[in-house]
> 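Here you go, one structure.
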Amino acid sequence: MASRSKLSGIQKQVLALYRGFLRTARLKSPEERHRIESVVSAEFRENARNIDRKNFVYIEYLLRRGKKQLEQLKDPDITGLSTLQINKSSSH
């Protein structure tokens with residue numbers, strides 16, 4: 001077994017949120033599921049690349065925002081996911 005460093009609490013929360021989006025996407029139509037998975041994957045990858053891992057305040061903000069979006073997506077009447085456009089220069 002390869003040795004890996006243990007995940008921090010915040011890393012576990014991020015991964016749990018990501019898995020939550022993927023699980024919830026399975027409940028939607030096949031087209032919408034694919035779109036949700038694409039949007040979620042792209043957003044998580046972009047944040048992983050562009051946000052300083054020590055910027056805990058911003059990461060916690062994104063976690064709270066993501067949890068709210070996930071709760072909205074779980075609503076059976078909600079068919080899809082819309083992304084919020086954030087001005088990148090003012091978000092860091």
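Since the structure is predicted, the reported quantities are computational estimates derived from the model, not experimental observations.
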> Output every pair passing ring pair (Phe, Tyr, Trp, His ring centres under 6.0 Å) with a member in residues 19-57, not counting sequence neighbours, ordered by first then second residue.
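Matches after skipping sequence neighbours: Y18-F44.
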
> Restricting to side chain to side chain donor-acceptor pair (under 3.5 Å), what partner residues turn up for R64, sequence neighbours left out?
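Listed in chain order: nothing, the list is empty.
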
> Report the hydrophobic cluster partners of L15, with the cluster defined as I, L, V, M, F, W, Y residues connected by side-chain heavy atoms closer than 4.5 angstrom, directly or transitively.
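For the cluster that includes L15, the remaining residues are L7.
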
> According to side chain to side chain donor-acceptor pair (under 3.5 Å), who are the partners of Q72, at least two apart in sequence or on a separate chain?
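Side chain to side chain donor-acceptor pair (under 3.5 Å) list for Q72, sorted by chain: empty.
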
> What pairs with R33 under salt bridge (charged side-chain N to carboxylate O under 4.0 Å, His left out), at least two apart in sequence or on another chain?
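Residues passing salt bridge (charged side-chain N to carboxylate O under 4.0 Å, His left out) with R33: E37.
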
> Name all residues meeting the salt bridge (charged side-chain N to carboxylate O under 4.0 Å, His left out) criterion together with K74; count only those two or more places apart in sequence or in a different chain, and write none if there are none.
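K74: salt bridge (charged side-chain N to carboxylate O under 4.0 Å, His left out) contacts with E71.
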
> I want to check something: taking the side chain as every heavy atom from C-beta on, are L62 and L17 in contact at a cut-off of under 4.5 Å?
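A side-chain contact is absent here, since even the closest heavy-atom pair is not under 4.5 Å.
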
> Can you name the side chain to side chain contact (heavy atoms under 4.5 Å, CB included) partners of Q13, sequence neighbours left out?
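For Q13 the side chain to side chain contact (heavy atoms under 4.5 Å, CB included) partners, ignoring immediate neighbours, are L63, K67.
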
> Checking R53 now: which residues fulfil side chain to side chain contact (heavy atoms under 4.5 Å, CB included) with it, not counting sequence neighbours?
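Partners of R53 by the side chain to side chain contact (heavy atoms under 4.5 Å, CB included) criterion, ordered by chain and then number, come out as Q11.
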
> Extract all donor-acceptor atom pairs below 3.5 Å that involve side chains of residues 24-31 and protein atoms in other chains or at least two apart in sequence.
unit_1, atom_1, unit_2, atom_2, d
T24, OG1, G20, O, 2.8
K28, NZ, L73, O, 2.9
K28, NZ, D75, O, 3.1
K28, NZ, I78, O, 2.6
S29, OG, E31, OE1, 3.3
S29, OG, E32, N, 3.3

